[in-house]
Engineer: 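One structure is given below, represented as structure tokens, and several questions about it will come after.
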Amino acid sequence: MKQLPEQLTKPFDASSVEKELYEMWEKSGYFNPDNLKGERPNAFSIVLPPPNVTGTLHTGSAIMLAIQDTIVRFKRMKGYKTLWLPGTDHAAIATQSKVEKDIYKKEGKTRHDIGREEMLKRINAFALESQATILTQMRSMGASLDWSRLAFTLDDERNLAVRTMFNKMYDDGLIYRGQRIVNWDPKGQTTISDDETESEERKGVMYTFKYSHDFPIAISSTRPETKVGDTAVAVHPDDERYKEYIGKEYTVEFAGCPIKIKIIADNAVEKDFGTGALGVTPAHSQIDWEIKERHNLPSKQVINEYAKMYGLANEELNGKKVTDAREYIVNWLKENNLIIKEEEVVQNVPIAQRTGAVIEPLPKLQWFIGVNKTFNHFGKETTLKELMRKVVDNKETSILPDRFEKVYFHWIDNLRDWCISRQIWYGHRIPVWYKGGEIYCDTEAPTGDGWTQDEDTLDTWFSSGLWTFSTLGWPNKTKDMETFHPTSLIETGHDILFFWIARMILFSTYALNETPFKQIYLHGLVRDAKGRKMSKSLDNILDPRELTKKYGTDALRMSLLVGNGPGNDLKLGEDKIKAYKNFANKIWNATRFVLERTTDHETDVELNNEDQAVYDAWIEKRLDITSDIENYRLHLASEKVYDYFWKVFCDDIIETRKARILENKEKESAQTLLLKLLREQIITIHPFMPFITEEIWKYIKRDSDDILMVTSW
RNA sequence: GGGCGAUUAGCUCAGUUGGUAGAGCAGCGCAUUUACACUGCGAAGGUCAGAGGUUCGAAUCCUCUAUUGCCCACCA
């Protein structure tokens, strides 16, 4: 028996080698594709979905890093010029509100007490300080990211890209400023896009009533407080019941407020719903606003940005919260005997995703991206919607799993103009300046006095939407753009398909006339062992930092890969992670055995027929695994790697060859077989479990070999 | 209301183009210092949600039903 190196005589201890190995990889320079050796005519590139700058590593980011790093390491070993580009996201609203909260807690001050400039300084300081945390944690997962290209959605280069894009779209007439009904978040004090809203089922009461006894038609509403803002009642043009009233105007006294109501006919009204008549409140309902536009009706705003009533003739109502106003008006209706019916209903109430506040639809002057507007695109008339549809339709990019293509198309078909302006301070400020009635849009401020810049900032997804090319140097013509765009793959959770993936497609097809990525891989959510969402209140959060300490990073990575097919949620319990810690130990011990028993045969001898057959079977298996990875079936590849090493190599091949080595029967062939299989499996396992394999490589590599990370697959 | 999934061993899930049902964990029996007890060997465990259809052959393809999850939607 051969004397083993000191390190190998002890059990494998992941925590003692991981940090050192990562530093070694980073120092090698091979994370940067410019330093990779050999010809490498084909490029493989991925941008990392940038985590929130103030965030910490959670199981969601761990799964993303595990999947992407496995693919990236594989491609690098396969000889591609491989770039995996890291960055962080400023996450406008989330970050600002966190800092605001902290300041209010410590100093009792609001952002308005502090002022825009000082506030931004503080948010920036917090963001940068916090960024270090998430970057360190990403390293701890073994992620082979090219840190030399690190980007931030709010740094100077990305700001230039944002201003350039805004300006280009403004010139093409795709970005416009308009008065519209927007989703107003009264808690966050800002507009939000349609995608940032959620709906929540709540019990409500549907009141059927008349404005006054003189008014001929009854209407229904769950929000009677908005009715003081009504300017019309709409009925279906074919509704015999109301035909005689169409075109007539009434002035009525409603809850102490005089309102002027015109009866109109519109096809949007359902004859069979409620009374078949719709009280039109243009200022506080999307559909009513559209009716107003069609019929040229007046609009009266009666609810302000704080979700309180205002501007009404009845002073008692002014300043009341909408819920209090509702109660007040229902009482008034009852006192005046105007209620015809009260019905308990379950309704979907729109909620702001970030703050949980009930959305108040308000008319506001905001910036929008027109998705249905026709414009000249590289010599062809088209719309943004068509561009977004086309790249998926013609397979320039394909989605895995493919059922999400339907989801994507459905979203596009229902997409309305995207409201991109936000009334917060942290973010890319809108590059538009005003002076008197003049308006100026460019990438730089206008010269001359008296110009003031638009106060608003852009939706955070505007800047992350440019991510695949803003990170490669756009709008400058760079070598990176030429080499790495379109990127090969984007890999992210399916929950941000609309927010992010779709927006990247929008900007890339628009500005570059090419898809941002050739392949989209969507993973699912990580849930706990019982299938519940991980949340603080359930106290079932698994912290990847603790898991890597306890079981080793390799074990955690494997547990996130095995059995986790694209698009499906993953249930994760500690048992599963522990199973892969055992696997790491198995690899370690098998290595010890092989190295102990093969002392005489550092060089290959010819295999006997039996051993050659075993080796050939492995080659088959390896081809199979390779094909799985190439087709993004990591859930199968990882399982096969595990199964072959343990069940075939250890339990069968080693056990039988062990006997032959001890009994000296065709010993050399057996030893060569074991060495070859060990060496090749360590290479194959490396993308999945980079740390233990790189550590073992130190003891099995030949003098001419480089580190395992760049060893040919 | 519309769309998309899921339903396979006690639990968690694989099953790539249809060809005699697989793994991990748990449980059961045996082995007792073996490279590895973070182990090995063995046995047990399933009408693949239900019904119908296509096929020589269906967990896999089609239709319907049930249960369940997710996404989307301005019924006032």
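Chain identifiers are assigned alphabetically (A, B, ...) following the order of the sequence lines, protein sequences preceding nucleic acid strands; residue numbering begins at 1 within each chain. Values reported hereafter were calculated over all heavy atoms of this structure, with side chains retained and with hydrogens, waters and symmetry mates removed.
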Engineer: Can we say Glu240(A) and Lys243(A) salt-bridge, meaning some charged N sits less than 4.0 Å from an Asp/Glu carboxylate O?
Structural biologist: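 Answer for the salt bridge query: yes.
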Engineer: Below 4.0 angstrom, N of the basic side chain to O of the carboxylate: do Lys395(A) and Glu405(A) qualify?
Structural biologist: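 Yes, this pair counts.
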Engineer: Is Arg354(A) paired with Asp185(A) through a side-chain N to carboxylate O contact shorter than 4.0 Å?
Structural biologist: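 No, no charged N to carboxylate O under 4.0 Å.
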Engineer: Check the phosphate of rA35(B) against Lys658(A), side-chain N and O only, distance under 4.0 Å to OP1 or OP2. Yes or no?
Structural biologist: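 Affirmative; the distance criterion is met.
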Engineer: Output the rounded distance in Å from NZ (Lys586(A)) to P (rU34(B)).
Structural biologist: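 Value for this atom pair: 15 Å.
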Engineer: For the residue pair Ser193(A) / Glu196(A), report whether a side-chain donor-acceptor contact shorter than 3.5 Å exists.
Structural biologist: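 Checked: Glu196(A)/Ser193(A) side chains pair up, N/O donor to acceptor below 3.5 Å.
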Engineer: Is the shortest side-chain N/O distance from Lys406(A) to OP1 or OP2 of rC4(B) below 4.0 Å?
Structural biologist: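 Yes, within the criterion.
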Engineer: Hey, what's the ring geometry for His494(A) with Phe404(A), parallel, tilted or perpendicular (30° and 60° as the breaks)?
Structural biologist: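 Parallel.
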Engineer: Where the side chain of Glu655(A) is defined as all heavy atoms beyond and including C-beta, which of rU39(B), rA35(B), rG15(B) is the nearest nucleotide?
Structural biologist: rA35(B)
Engineer: Say we look at rG27(B) and rA66(B): how far apart would their P atoms be, to the nearest angstrom?
Structural biologist: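 Result for the P pair: 39 Å, nearest Å.
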Engineer: Answer yes or no: is there a side-chain heavy-atom contact under 4.5 Å between Ser220(A) and Met206(A)?
Structural biologist: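 Counting from C-beta outward, Ser220(A) and Met206(A) do come under 4.5 Å.
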Engineer: Which whole number of Å gives the distance between the P atom of rA58(B) and that of rU54(B)?
Structural biologist: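 The answer is 11 Å between these two P atoms.
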Engineer: Tell me, yes or no, whether the heavy-atom count around Glu620(A) atom CD, taken from other residues, nucleotides or ligands under 6.0 Å, exceeds 12.
Structural biologist: no
Engineer: Can Lys227(A) be said to sit on top of Phe254(A)'s aromatic six-ring, NZ or CZ under 6.0 Å from centre and within 45° of the ring axis?
Structural biologist: no
Engineer: Just N and O in the side chain of Lys576(A): are any of them under 4.0 Å from OP1 or OP2 of rA23(B)?
Structural biologist: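 So the side chain of Lys576(A) is outside the cut-off, no N or O lying under 4.0 Å from OP1 or OP2 of rA23(B).
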Engineer: Would you check, one step at a time, whether the test salt bridge (Lys or Arg N to Asp or Glu O under 4.0 Å) holds for Lys658(A) with Glu655(A)?
Structural biologist: CA-CA 5 Å; Lys658(A) 184 197 286 181; Glu655(A) 288 305 320; 3.3 Å; yes
Engineer: Taking atom P in both rG40(B) and rA35(B), what distance in whole Å separates the two?
Structural biologist: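 Per the computed distance, 13 Å lies between those P atoms.
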Engineer: Counting any heavy atom closer than 4.0 Å, what does Trp289(A) reach on the DNA or RNA strands: base, sugar-phosphate only, or nothing?
Structural biologist: nothing
Engineer: Taking rA49(B) as the reference, what is the distance to rU17(B) when you measure between their C1' atoms (whole Å, please)?
Structural biologist: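 Going atom to atom, C1' in each nucleotide, I get 26 Å.
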Engineer: Between Phe583(A) and Ala590(A), just flag the one whose closest nucleotide in RNA chain B comes earlier from the 5' side.
Structural biologist: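 Nearer the 5' end of the strand: Ala590(A).
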Engineer: If you look at every strand shown and take non-hydrogen atoms under 4.0 Å, does Arg403(A) touch a base, only sugar-phosphate, or nothing?
Structural biologist: sugar-phosphate
Engineer: Which value, in whole Å, describes the distance between the P atoms of nucleotides rA14(B) and rA6(B)?
Structural biologist: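 So the two P atoms sit 9 Å from each other.
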Engineer: Report each atom pair, protein N/O against N/O of nucleotides 69-76 of chain B, whose distance is under 3.5 angstrom.
Structural biologist:
{"residue": "rA73(B)", "atom": "N6", "partner": "Asn348(A)", "partner atom": "ND2", "Å": "2.9"}
{"residue": "rA76(B)", "atom": "N6", "partner": "Glu270(A)", "partner atom": "O", "Å": "2.7"}
{"residue": "rA76(B)", "atom": "N6", "partner": "Phe273(A)", "partner atom": "O", "Å": "3.2"}
{"residue": "rA76(B)", "atom": "N1", "partner": "Glu270(A)", "partner atom": "N", "Å": "3.2"}

Engineer: Any side-chain N or O of His635(A) below 4.0 angstrom from OP1/OP2 of rU16(B)?
Structural biologist: no
Engineer: So does Asp611(A) pair up with Lys676(A), basic N to acidic O under 4.0 Å?
Structural biologist: no
Engineer: So, is Asn568(A) close to the rA14(B) phosphate, meaning a side-chain N or O under 4.0 Å from OP1 or OP2?
Structural biologist: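 Yes, because at least one side-chain N or O of Asn568(A) sits under 4.0 Å from OP1 or OP2 of rA14(B).
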Engineer: Tabulate protein N/O versus nucleotide N/O from nucleotides 58-64 of chain B, keeping only pairs under 3.5 Å, one per line.
Structural biologist:
none

Engineer: Dot-bracket, RNA chain B: Watson-Crick or G-U, under 3.5 angstrom, [ ] crossing, | other strand?
Structural biologist: (((((((..((((.....[..))))..((((.......))))......(((((..]....))))))))))))....
Engineer: So, does Lys647(A) get its side chain near the phosphate of rA23(B), meaning an N or O under 4.0 Å from OP1 or OP2?
Structural biologist: no
Engineer: Is the Trp618(A) ring parallel, tilted or perpendicular to the Tyr644(A) ring (thresholds 30°, 60°)?
Structural biologist: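 Rings of Trp618(A) and Tyr644(A): tilted, as their planes differ by 30° to 60°.
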Engineer: For rG40(B), does OP1 or OP2 lie under 4.0 Å from any side-chain N or O of Trp646(A)?
Structural biologist: yes
Engineer: Angle class for the Phe583(A)/Tyr580(A) ring planes (parallel below 30°, perpendicular above 60°, tilted otherwise)?
Structural biologist: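 Perpendicular, since the angle between the ring planes exceeds 60°.
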